[in-house]
Amino acid sequence: ATKPDGGRSGSIVAPLVTQQEFQKIDVNPPKGTRDFPPEDMRLRNWLFNHFKEVSRLFGYEEIDFPVLETEALFIRKAGEEIRDQLYCFEDRGNRRVALRPELTPSLARLVIQKGKSVSLPLKWFAVGQCWRYERMTRGRRREHYQWNMDIIGVPEVTAEAELISSIVTFFKRVGITASDVGFKVSSRKVLQELLRKYGVPENLFGRVCIIIDKIEKIPVDEIKKELGLTGISEDASEQLLKVLSVKSLDDLEDSLGGAGEAIADLKNLFSLAEKFGYSEWIQFDASVVRGLAYYTGIVFEGFDRKGKLRAICGGGRYDRLLSTYGGDDIPACGFGFGDAVIVELLKEKGLLPELRQEVENIVCALDKDLQGAAATVATALRDKGQTVDLVLESKPMKWVFKRAARVNARRLVLVGKTEWEDGLVSVKVLSSGEQFQVKLNDLE
Ligand SMILES: OCc1cccc(Br)n1
């Protein structure tokens with residue numbers, strides 16, 4: 001019988017780890033994704049903390065959901081880009097799943113799941129990573145983080161007015177002003193009223209909006225062709241495109257032949273903007289449609305007034321989304337705010353914060369048999385809530401001073417043999433050079 005180790009026993013020779021067992025890996029993250037090393041993570045935390053603090057300022061509650069959802073949650077037959085780029089696959093249980101491309105469908109799912117156990121209105125916020133699978137021809141990102149705030153259960157335009165106020169609050173907190181950024185505001189009820197006027201069936205509404213949203217991205221003949229494919233008459237298409245170039249609410253009222261819901265909503269929003277104190281930030285712009293099929297009313301998007309960047313954020317009312325998932329007919333509105341364009345804008349405005357690592361103390365034993373004592377000192381400081389970088393091995397002082405500078409320590413705490421016997425440690429304040437000895441318990 002062969003020996004258990006295939007005949008190599010006797011002189012036990014540790015088998016060499018042969019080369020093929022090490023396979024050099026690609027240390028870069030997958031295409032279109034990012035790592036967040038400390039300096040990038042500090043900026044991300046700074047940004048997300050502002051998102052979350054503003055949300056809490058407005059009384060919203062934080063929620064979260066899985067980045068993985070069933071694919072069906074995002075399958076809408078409206079020709080949206082977000083659908084074409086869905087990061088979807090079949091899992092090991094042969095389930096069709098997708099990495100979420102946005103957060104709103106998950107929020108809708110959670111509201112329906114909670115059903116009668118939650119009382120309306122709900123004011124929820126989330127900051128979550130969203131994904132798209134785009135051929136990397138354009139070298140664009142496949143993931144970004146989105147800040148969302150949503151109000152569920154309020155049909156009035158006060159909801160949209162408050163959402164815009166929260167974004168304005170964020171901009172002001174990071175130093176962006178109304179001369180840097182504005183909001184284009186419109187209402188899809190304009191398109192809805194026109195489609196009804198031309199007898200276009202309701203079920204085409206989402207699709208038509210997605211086509212119209214491409215107005216500045218593809219030639220107008222292509223837009224007309226795609227509208228024609230939905231069965232809309234040439235005349236109706238002309239009218240739809242004409243209304244998008246309307247420059248004022250009064251002109252819109254004229255072109256719609258009287259004040260319908262769309263005009264009433266927009267007038268109400270503009271008067272509320274005055275009361276919230278952000279009138280200078282918003283303007284009516286009939287060409288804003290947004291690229292998500294489920295919006296049904298007010299839509300808005302934040303833009304940089306220099307026109308150099310893509311939309312900073314966007315949102316609107318989506319009163320039908322919950323019922324399309326089999327939920328009750330609950331009105332809702334919200335926005336999404338990505339983590340990419342805002343950083344480009346802050347960079348351009350010179351508003352990116354200088355964020356350094358900060359540590360109050362670097363603790364170091366002066367010889368290796370005091371390493372335990374140094375651990376005691378570190379723990380005592382940490383128990384007082386003080387941040388400590390503990391030098392974990394015996395190092396020359398030159399090394400310690402270099403590390404103290406690198407971690408931006410405020411002071412150096414040295415544990416020396418003679419002082420420690422008297423319960424003392426030596427402290428050196430690195431900015432002033434001030435030096436003193438102190439009893440460990442008195443070290444604040
Ligand atoms: O803005 C659309 C979008 C969705 C998911 C991921 C990325 Br990057 N961008």
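Along the sequence shown, the residues carry numbers beginning at 1.
- Counting only distance, with no hydrogens or angles, the side chain of D265 and the backbone of A262 share no donor-acceptor pair below 3.5 Å.
- Using a 4.5 Å cut-off on side-chain heavy atoms (C-beta onward), R140 and R132 make contact.
- For the pair I342 and F170, the minimum side-chain heavy-atom distance is below 4.5 Å.
- Partner of L107 under the side-chain contact (heavy atoms from CB on, under 4.5 Å) criterion, out of L122, D150, L321, L322: D150 alone.
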Evaluate salt bridge (Lys or Arg N to Asp or Glu O under 4.0 Å) for R317 paired with D319, printing each intermediate quantity in order.
CA-CA 6 Å; R317 179 161 290 279; D319 285 347; 2.9 Å; yes
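- Between D339 and R141, at least one side-chain nitrogen of the basic residue sits less than 4.0 Å from a carboxylate oxygen of the acidic one, meeting the salt-bridge criterion.
- At distances below 3.5 Å, at least one donor-acceptor pair connects side-chain atoms of R382 with backbone N or O atoms of V388.
- Between V185 and V288, every side-chain heavy-atom pair lies at or beyond the 4.5 Å cut-off.
- Between the D35 side chain and the P37 main chain, no donor and acceptor come within less than 3.5 Å of each other.
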Verdict with reasoning, Y278 to I167, per side chain to side chain contact (heavy atoms under 4.5 Å, CB included):
CA-CA 10 Å; Y278 62 75; I167 306 173; over 6 Å; no
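- Scanning both residues, K184 and D285, for their nearest heavy atoms gives CD-OD2, 3.5 Å.
- Atom NZ of K384 is surrounded by more than 12 heavy atoms from other residues, nucleotides or ligands within 6.0 Å.
- Pairing each heavy atom of I152 with each of L120, the nearest pair is O-CD2, 3.8 Å.
- Contact between N148 and G336 at its shortest, heavy atoms only, is ND2-CA, 3.3 Å.
- Ring geometry for F183 against W281 counts as tilted: the plane angle lies between 30° and 60°, on a 0 to 90° scale.
- Side-chain contact between Y145 and C130 is absent, with no heavy atoms from C-beta onward closer than 4.5 Å.
- Side chain of N361 to backbone of R411: no donor-acceptor contact under 3.5 angstrom is found.
- Summarising the geometry, atom CD belonging to E360 is positioned 9.0 Å from atom CG belonging to L381; distances are rounded to the nearest 0.5 Å.
- For the residue pair C364 and V400, the shortest heavy atom distance occurs at SG-CG2, 3.7 Å.
- Atom-to-atom distance recorded for E344:CD and K308:NZ is 10.5 Å, nearest 0.5 angstrom.
- A donor-acceptor pair is defined here as one N or O able to donate and one able to accept, closer than 3.5 Å; such a pair exists between the side chain of N408 and the backbone of Q357.
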Assess whether ring-ring contact (aromatic ring centres under 6.0 Å, His included) is satisfied between F337 and F125, documenting all intermediate values.
CA-CA 11 Å; F337 193 125; F125 78 93; over 10 Å; no
Between Q371 and S394, does the side chain to side chain contact (heavy atoms under 4.5 Å, CB included) criterion hold? Intermediate values first, please.
CA-CA 8 Å; Q371 194 59 51; S394 178; 5.7 Å; no
Could you walk me through whether D329 and R320 pass salt bridge (Lys or Arg N to Asp or Glu O under 4.0 Å), step by step?
CA-CA 7 Å; D329 222 357; R320 308 283 305 127; 2.7 Å; yes
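- For R95, the CZ atom sits in a loose shell: 12 or fewer heavy atoms of surrounding residues, nucleotides or ligands are nearer than 6.0 Å.
- For A78, the side-chain contact (heavy atoms from CB on, under 4.5 Å) test picks out E80, R207, I210, A293, with sequence neighbours left out.
- Taking OG of S106 as the start and CD of Q113 as the end, the distance is 11.0 Å to the nearest 0.5 Å.
- Considering every non-hydrogen atom in both L355 and W46, the closest pair reads CD1-CB, 3.8 Å.
- Between the CD atom of Q437 and the CD atom of Q435 there is a distance of 9.0 Å, given to the nearest 0.5 Å.
- Remark: side-chain polar atoms of S55 are paired, donor with acceptor, to backbone N or O of F51 under 3.5 angstrom.
- A salt bridge links R56 and E62; the closest N-O separation between the charged side-chain nitrogens and carboxylate oxygens is under 4.0 Å.
- Because its NZ or CZ atom is not both nearer than 6.0 Å to the ring centre of Y295 and within 45° of the ring axis, R188 does not count as a cation-pi partner of that residue.
- I215 is not listed as a side-chain neighbour of V289, based on a closest heavy-atom distance of 4.5 Å or more.
- Side-chain atoms of R305 come within 3.5 Å of backbone atoms of A178 as a donor-acceptor pair (strictly under, hydrogens ignored).
- If you check the side chains of Y87 and R142, you find no donor sitting under 3.5 Å from an acceptor.
- Among pairs with a residue in residues 102-124, those fulfilling salt bridge (charged side-chain N to carboxylate O under 4.0 Å, His left out) read E69-R109, R76-E102, K116-D328, K123-E162, at least two apart in sequence or across chains.
- In this structure, the side chains of F300 and I282 stay at 4.5 Å or more apart for every pair of heavy atoms.
- With rounding to the nearest 0.5 Å, the separation of CZ in R173 from NE2 in H50 is 5.5 Å.
- Residues M397 and L412 share a closest heavy-atom pair of CE-CD2, 3.9 Å.
- In this structure a side-chain-to-backbone donor-acceptor pair under 3.5 Å is missing from D213 to C209.
- Residues passing the side-chain contact (heavy atoms from CB on, under 4.5 Å) test with P38 are R42, sequence neighbours excluded.
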R44 vs R34, test: side chain to side chain contact (heavy atoms under 4.5 Å, CB included). Steps then yes/no.
CA-CA 12 Å; R44 172 173 140 179; R34 298 164 291 172; over 6 Å; no
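- One finds the CE atom of M149 at 10.5 Å from the SG atom of C333 (value rounded to the nearest 0.5 Å).
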Hey, mind stepping through E226 and K214 against salt bridge (Lys or Arg N to Asp or Glu O under 4.0 Å) and telling me if it holds?
CA-CA 11 Å; E226 290 192 27; K214 294 187 276 192; 2.9 Å; yes
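- With contacts defined as side-chain heavy-atom distances shorter than 4.5 Å, the pair F171/I312 qualifies.
- Looking at heavy atoms from C-beta onward, I164 lies in side-chain contact with V168 at the 4.5 angstrom threshold.
- Counted by atom type alone, R100 and Q146 present zero donor-acceptor pairs between their side chains at under 3.5 Å.
- For E61, the CD atom sits in a loose shell: 12 or fewer heavy atoms of surrounding residues, nucleotides or ligands are nearer than 6.0 Å.
- In this structure, E393 pairs ionically with K395, as a charged nitrogen and a carboxylate oxygen lie closer than 4.0 Å.
- More than 12 heavy atoms of other residues, nucleotides or ligands shown are found within 6.0 angstrom of CD on E421.
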If you apply the rule side chain to side chain contact (heavy atoms under 4.5 Å, CB included), what do you find for F276 with T158, and how did you get there?
CA-CA 10 Å; F276 273 104; T158 40; 6.0 Å; no
